[in-house]
Amino acid sequence: MDLHLNEEQKLLKESAARFLRDQYAFDRRKLLIADDAPSGVWSKLVDLGWLGAWLPEEAGGLGGSAVEFAILMEEAGRHLYVGPYLSASIASALLRNADSRGARERLAASAEGERHLTVAHLEPGSRGMMDSPTVRGIAVGSSYRLTGRKRLVYSGCFADETIVSAVTPDGPSFFAVPMGGTGVATRHYRTVDNDWVSDVEFDLAEAELLVGAPGYASALDDAIYVALLGVGAEAIGLCEAVLTQTKDYLADRKQFGRSLIEFQALQHRISDLFVETETLRWSLLDALSQSSSARTLRARSIFGLKIQAGSIATMVAGQCLHLHGGMGMTDEMPVSHYYRRARMIEAQFGNTDYFTAAYTTLMD
Amino acid sequence: MDLHLNEEQKLLKESAARFLRDQYAFDRRKLLIADDAPSGVWSKLVDLGWLGAWLPEEAGGLGGSAVEFAILMEEAGRHLYVGPYLSASIASALLRNADSRGARERLAASAEGERHLTVAHLEPGSRGMMDSPTVRGIAVGSSYRLTGRKRLVYSGCFADETIVSAVTPDGPSFFAVPMGGTGVATRHYRTVDNDWVSDVEFDLAEAELLVGAPGYASALDDAIYVALLGVGAEAIGLCEAVLTQTKDYLADRKQFGRSLIEFQALQHRISDLFVETETLRWSLLDALSQSSSARTLRARSIFGLKIQAGSIATMVAGQCLHLHGGMGMTDEMPVSHYYRRARMIEAQFGNTDYFTAAYTTLMD
Amino acid sequence: MNLDFSAEDIAFRDEIRAFLSENLPKDIARRFSRGYHPPKKDLQAWQAILHKRGWSVPHWPVEHGGTGWSPIQQYIFDDECLAADAPPVSPFGTRLVGPVIYTFGSDSQKKKYLPAILSGETLWCQGFSEPGSGSDLASLQTRAVRDGADYVVNGRKIWTTDAHFADMMFCLARTSQGRKQQEGISFLLLDMKDPGVTVRPIRTLDAGHTVNEVFIDNVKVSADDLVGQEGKGWSYAKFLLDNERTVNAFVHHSKRAYRRTKKIAQKAQFNGQPLFDVSGFRNRAARLEIELRALEWGVLRMLHSDVPDPTAAASALKLKGCALLQNILDLALDALGLDAIPFYPDPEQEAVSNFF
Amino acid sequence: MNLDFSAEDIAFRDEIRAFLSENLPKDIARRFSRGYHPPKKDLQAWQAILHKRGWSVPHWPVEHGGTGWSPIQQYIFDDECLAADAPPVSPFGTRLVGPVIYTFGSDSQKKKYLPAILSGETLWCQGFSEPGSGSDLASLQTRAVRDGADYVVNGRKIWTTDAHFADMMFCLARTSQGRKQQEGISFLLLDMKDPGVTVRPIRTLDAGHTVNEVFIDNVKVSADDLVGQEGKGWSYAKFLLDNERTVNAFVHHSKRAYRRTKKIAQKAQFNGQPLFDVSGFRNRAARLEIELRALEWGVLRMLHSDVPDPTAAASALKLKGCALLQNILDLALDALGLDAIPFYPDPEQEAVSNFF
């Protein structure tokens with residue numbers, strides 16, 4: 001056991017931090033998120049190797065592990081990154097253990113930045129990633145046709161292809177569907193935290209089978225692990241950043257002739273938030289330690305991380321918002337964006353209630 | 001609607017407060033609770049009319065209502081009263097709407113102080129008052145014989161007679177059994193908060209039917225209402241008293257040259273506890289307002305009061321304990337007794353989990 | 001002690017209910033029910049209806065257009081209005097400046113402004129806060145300089161709710177330098193259509209637009225629109241702020257939010273059953289229901305009896321009321337689940353109607 | 001980054017487990033499992049067994065009787081001992097005064113005291129706190145006056161854990177008046193059997209007896225039992241208190257408490273099913289399980305890596321560790337339900353055994 005980052009990991013962390021600090025500073029970000037779709041920064045992230053950083057070499061990656069992914073997501077959280085990175089990573093996770101040629105090709109193409117993938121798994125009425133799909137797939141010759149509705153397809157306005165879960169007579173499976181194809185109708189909108197999502201309606205849309213029914217459950221588990229690890233690590237960066245900014249803000253503001261940070265009651269609150277943030281880092285270590293464990297062990301630890309991330313980020317960002325007073329409520333202050341992102345981390349992929357219920361089914 | 005106490009109610013409150021202040025001051029209480037059984041103070045409470053204060057005149061009372069009972073229990077809570085009053089009142093509540101002669105006689109005898117009653121309803125394995133009894137009753141001529149085990153019979157070491165719930169072929173019913181009679185084996189012990197309780201084992205013990213199966217549910221409802229109203233009102237007195245004492249303690253103690261009460265962080269905590277205590281008083285008003293309402297309405301409000309009382313008293317007394325530092329952990333400081341009593345209010349008759357589950361079955 | 005509503009109060013509640021069911025326009029209620037800020041036209045249309053019935057300012061003295069209701073009747077009225085999803089009347093005219101005008105204003109001010117406040121024809125905004133002044137009103141920077149029959153006003157106001165559609169602003173401006181900071185402040189009524197007024201929207205966390213920054217650049221205010229005496233504005237502002245501190249603790253809002261949350265949870269499916277029947281969710285809802293009922297009694301207690309320490313009791317109500325409303329809204333978010341993620345800018349959008 | 005226990009660590013854990021299952025007396029474990037304070041005889045019997053194996057003071061330097069284990073091995077050892085319900089060795093000799101003696105003591109003190117600390121033959125208590133001094137040790141009132149080869153000690157100590165059965169006390173006493181309050185304090189080893197020592201029990205909230213007030217009345221302490229230099233006691237006390245601040249955050253206690261809570265809840269019946277299967281209860285247990293696993297990684301992190309701010313990280317661990325243990329015990333109380341009410345003074349009482 002050795003909890004230090006190795007040299008490559010340290011370099012990765014520093015380079016990610018530097019890149020986001022330069023290219024994604026809050027003022028620049030404000031302009032970027034006003035666009036209709038994610039753009040510039042994304043292709044640079046791909047060039048920097050973010051997609052392959054945590055994938056083994058045989059999957060077109062750089063030989064990293066879940067640790068590398070967590071490092072990148074933590075920095076993303078610190079700088080309030082919104083855009084395709086997480087959804088494209090979940091797509092990679094879905095495909096990484098599949099043995100179909102289509103899956104292997106796409107994994108490589110995605111890591112190279114040649115094809116931008118996203119995931120269409122959640123549906124109207126879903127409460128989280130473990131819910132079964134109702135989109136139907138029927139075989140037509142060597143390909144399939146999908147019919148049904150998906151929602152919360154991140155970067156759907158932007159991706160080349162989406163990995164879709166659908167049920168065939170053989171059971172649930174994952175398919176690839178080109179985003180602009182026939183039989184694919186999209187409705188794009190924004191999220192509370194300024195991300196880009198789409199509703200997608202398939203009407204006999206042509207699809208390629210990537211992961212058949214026998215591999216479905218395990219591919220979904222891999223996707224869930226990466227999705228929750230992603231927001232878990234992101235939440236740590238978010239909490240640390242919002243807490244630092246809040247301390248700075250309180251140090252700057254004066255009331256009754258004293259800097260606000262000098263008030264004991266405020267110091268106590270800041271300390272409590274620091275403790276919660278630490279706790280979240282401990283849960284991340286736990287989840288990372290189970291990245292290759294048996295199904296139940298891994299699921300328990302990653303559900304635990306999601307539950308902690310959602311509730312702690314909401315609490316930390318909520319308290320920081322409160323500590324900012326009226327100013328915090330404005331769009332121009334970063335804290336209001338951290339808060340919205342924290343709320344979305346809580347809701348994304350299934351909220352605390354959802355994963356707590358799931359966790360309880362796995363208790364000894 | 002008029003939320004003022006009327007003149008009689010004000011007098012009752014003042015006289016109760018005066019009596020307990022004089023006769024049950026903390027140092028005197030220390031000696032009283034060291035005894036093997038409750039004594040002196042109890043007969044004085046009976047003489048003061050505490051048992052009849054809230055009963056209608058036709059039930060041998062003074063024509064008062066639930067409000068009078070709440071007034072007395074609030075003062076009891078303030079002065080950390082332990083002893084037979086609550087259990088004897090629950091016995092009265094069980095009998096007050098029964099039409100048997102035995103019930104009417106006992107109600108009057110109890111209010112007069114001629115016969116001391118208690119209740120044997122909970123059993124090994126029970127989690128709260130709504131659990132069904134398993135003690136069996138069989139008819140033998142005009143009387144009954146009971147067999148089975150009861151626990152947490154308050155003042156069992158002291159009462160003349162206990163009202164026992166038992167199941168007969170006709171359904172659950174309430175019976176009177178003399179405490180020293182044949183077939184009645186008792187084991188006396190103390191509670192965490194220094195009250196006196198007994199396990200009672202009935203082995204074909206002779207019993208008189210007081211409330212038959214048709215009246216059982218409604219008598220039990222009345223008993224639950226009075227039991228929970230009692231601890232709810234008691235919790236208010238407890239919270240107010242422990243909070244006042246804690247403020248005084250903090251004002252007396254100095255650290256780093258300042259009185260502890262001057263520290264902003266401590267003031268904030270005290271304010272929070274005041275707010276919680278206020279909330280509890282609001283719940284008491286709610287429960288009192290439903291004293292004659294239909295079953296579901298009354299049950300919802302009284303379960304609500306119990307839930308609030310248990311959690312708020314535990315929280316307030318727990319925080320006050322913490323604010324006392326190491327001294328609070330000693331038996332000689334009142335706060336340690338308030339804390340224990342608060343914990344017992346939480347557990348008594350069924351804890352927060354129990355009544356929350358019960359409440360959810362009654363939601364619209 | 002008597003804890004029952006009187007027969008009169010119950011009859012009164014029925015009367016209010018009947019009125020609302022007959023007179024509240026369905027589309028106004030629908031838009032408001034969805035949690036968006038009501039548009040100006042809805043505010044005005046609804047107040048006109050209330051005004052016609054004589055109920056637009058129940059709390060005012062009868063001689064100025066009030067109803068003479070008891071505190072509990074006003075409580076019932078507010079409760080029923082929110083329960084029916086009627087948007088609350090804009091408070092700036094009715095709750096804030098109106099009472100200042102009928103208490104301290106000149107006869108001509110009363111004649112000129114009160115009728116349009118009553119009817120809702122004129123909507124107001126409040127120009128108190130300024131950049132940098134925080135909650136400390138006395139450190140005010142806006143100045144009004146007397147020039148013949150007018151004051152010339154210059155300054156900047158911030159956090160000005162509804163300034164983007166208000167017709168008038170009541171504002172504080174410094175007319176002279178007093179010994180104390182509170183001295184020399186005057187209370188002026190300013191026309192928002194004056195060309196010297198510029199309103200800059202402040203976008204907020206909720207992606208909505210309710211608050212603004214207001215730039216006041218050489219705006220002329222007639223000396224007739226000075227309320228009371230020059231330099232005494234601070235005392236009128238204090239009077240106004242004291243009126244603002246009501247004791248309702250958002251209880252009607254919380255009741256409404258709870259009902260809405262329940263509806264969402266009854267409709268949402270969780271592992272094949274309505275979310276509202278899932279015991280973890282139901283336990284949380286139960287606790288909030290219990291606290292909500294308690295809060296309502298807390299408010300009734302303030303309306304009815306002499307509480308030992310009214311200031312402390314009012315603070316407790318306010319703190320608990322805020323916390324409870326937040327907890328209910330948190331539960332609503334949890335009930336929405338994944339549906340909490342999309343942002344829908346328009347209340348009449350199809351997707352929004354799915355939840356109601 | 002490598003997050004796996006090494007093969008050696010896993011083998012080590014197996015070795016400890018095997019040792020415990022063969023050597024820990026069942027009755028000692030049973031009494032301790034019930035949450036009562038272990039009696040002196042259990043403490044001594046178990047330490048003697050550990051001592052025989054050479055494991056009574058793993059953290060000591062090897063030359064004084066320690067094991068030379070890595071921090072993670074010590075962690076595993078503590079974890080397994082508590083998991084097996086072995087009562088922790090009394091810390092006053094082994095964790096507190098022992099290291100002071102082997103670091104600052106004379107050779108004759110080492111020879112006289114260390115063996116009996118290692119074996120547990122001599123149990124110690126700590127005479128630091130005094131009435132009125134709070135956590136401010138420097139304001140100490142106890143005095144030691146040199147009289148030939150002895151010090152004559154007079155004073156009062158409070159909150160003295162285990163004083164009622166300890167053989168020896170290490171205590172601070174003022175030997176001279178320094179310029180600063182911390183100066184002139186000496187560190188003495190005092191025999192509790194001296195007739196001038198009177199121990200008054202302080203009854204505590206848990207109705208148990210662990211802490212005491214100790215009256216020291218003309219007690220003679222040989223100058224040979226002065227540790228280090230006269231007047232330098234404050235620095236030895238600081239050394240000792242720094243050692244006391246471990247980073248384990250009660251994680252082993254919490255794990256044990258959680259397992260016990262689970263057992264109680266599996267046995268208790270709630271509406272016809274085990275309480276542990278009732279979803280409200282299970283949700284709460286899930287959250288604590290998750291926090292518990294997090295806490296364990298928090299401790300492992302402190303043992304392994306350079307955390308950015310070790311003092312803050314240690315505080316976070318301690319705060320979270322305390323809170324978690326309390327929350328687990330709260331859940332245990334809730335699981336007990338009505339069984340939380342009776343008070344059973346004796347751990348071997350029949351009623352107690354029902355829960356375990």
Side-chain angles (χ1 to χ4, degrees), chain B residues 122-131 151-152 154 187-195 197-199 253-256 260 310-311 314-315 318 321-322 324-333 335-340 343-354 356-358 360-361, chain D residues 129 131-136 139 158-159 161 200-213 265 267-273 275 278-285 322-323 326-327 329-346 349-352 354-355:
Chain B
L122 299 167
E123 300 183 356
S126 300
R127 296 200 66 85
M129 278 184 89
M130 264 106 61
D131 291 0
R151 67 182 311 215
L152 290 172
Y154 278 78
R187 215 172 128 272
H188 306 311
Y189 47 101
R190 303 299 297 271
T191 62
V192 168
D193 56 340
N194 299 111
D195 214 330
V197 290
S198 309
D199 292 341
R253 300 281 292 185
K254 300 235 184 309
Q255 205 170 50
F256 308 112
L260 283 178
S311 38
T314 300
M315 197 269 259
L321 184 71
H322 196 233
H324 271 74
M327 274 308 286
M329 303 302 284
T330 62
D331 202 64
E332 56 198 272
M333 291 297 283
V335 68
S336 72
H337 294 262
Y338 281 112
Y339 177 73
R340 278 179 268 181
R343 283 280 183 188
M344 294 301 101
I345 286 176
E346 159 64 29
Q348 239 174 320
F349 309 123
N351 63 17
T352 293
D353 286 349
Y354 183 83
T356 305
T360 60
T361 65
Chain D
S129 300
S133 74
S135 40
D136 180 11
S139 69
I158 200 165
W159 310 125
T161 303
R200 186 185 75 88
I202 300 175
R203 292 268 154 205
T204 43
L205 177 48
D206 59 356
H209 172 204
T210 44
V211 296
N212 302 276
E213 194 167 359
K267 202 164 164 182
Q269 294 289 309
F270 191 88
N271 292 334
Q273 60 178 328
L275 176 63
V278 173
S279 77
F281 190 90
R282 213 172 167 80
N283 286 350
R284 284 174 68 197
C322 283
Q326 280 182 19
N327 289 338
L329 296 175
D330 280 344
L331 188 70
L333 265 186
D334 290 346
L336 283 170
L338 296 166
D339 289 326
I341 297 176
F343 170 63
Y344 302 110
D346 175 9
Q349 215 165 332
E350 188 203 336
V352 181
N354 287 335
F355 310 120

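Letters A, B, ... mirror the listed sequences (proteins, then strands); counts begin at 1.
Side-chain N or O atoms of B:Asn351 include one that pairs as donor or acceptor with a backbone N or O of D:Asp334 at under 3.5 Å.
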Would D:Asp330 and B:Arg343 count as a salt bridge (Lys or Arg N to Asp or Glu O under 4.0 Å) here? Give the steps. CA-CA 10 Å; D:Asp330 280 344; B:Arg343 283 280 183 188; 2.6 Å; yes
Exercise for review: Before giving the answer on side chain to side chain contact (heavy atoms under 4.5 Å, CB included), spell out for B:Asp331 and D:Leu205 the whole-Å C-alpha distance, their side-chain angles and the decisive distance to 0.1 Å.
Suggested key: CA-CA 5 Å; B:Asp331 202 64; D:Leu205 177 48; over 6 Å; no
Show, in sequence, the C-alpha distance, side-chain angles and deciding distance for B:Asp353 and D:Arg284, and conclude whether the side chain to side chain contact (heavy atoms under 4.5 Å, CB included) test is met. CA-CA 11 Å; B:Asp353 286 349; D:Arg284 284 174 68 197; 3.2 Å; yes
One pair to check against side chain to side chain contact (heavy atoms under 4.5 Å, CB included): D:Thr204 and B:Ser336. What are the steps and the verdict?
CA-CA 8 Å; D:Thr204 43; B:Ser336 72; over 6 Å; no
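Contact record, B:Arg127 with D:Ala268: NH1-CB, 3.4 Å, taken as the closest heavy-atom pair. The minimum heavy-atom distance linking B:Ala347 with D:Ile341 is given by the pair CB-CG1, 3.9 Å. Of all heavy-atom pairs between D:Pro342 and B:Arg151, the closest is CG-NH2, 3.6 Å. Closest approach of B:Met344 to D:Ala340, counting heavy atoms only: CE-O, 3.6 Å.
Heavy atoms closer than 4.5 Å to chain B are found in the side chain of D:Ile202, but not in its backbone. There is no contact between B:Met130 and chain D, counting heavy-atom distances below 4.5 Å. If you measure heavy-atom distances from B:Gln348 to chain D, the contacts under 4.5 Å come from both the backbone and the side chain. At a 4.5 Å heavy-atom cutoff, D:Ile158 makes no contact with chain B through either its backbone or its side chain. B:Tyr354 touches chain D through backbone and side chain together, each having a heavy atom under 4.5 Å away.
Within a 6.0 Å radius of NE2 in B:His322, no more than 12 heavy atoms belonging to other residues, nucleotides or ligands are found.
Rounding to the nearest 0.5 Å gives a distance of 10.5 Å between CD of D:Glu213 and OG1 of B:Thr330. Rounding to the nearest 0.5 Å gives a distance of 7.5 Å between CG of B:Leu152 and CG of D:Asp339.
Between D:Pro345 and B:Arg190 there is no side-chain heavy-atom pair separated by less than 4.5 Å. Between B:Met327 and D:Trp159, some side-chain heavy-atom pair lies under the 4.5 Å cut-off. A heavy-atom distance below 4.5 Å is not found between the side chains of D:Phe343 and B:Val197.
Ion pairing of D:Asp206 with B:Arg340 is absent here, as no side-chain N (NZ or NE/NH1/NH2) approaches a carboxylate O to less than 4.0 Å.
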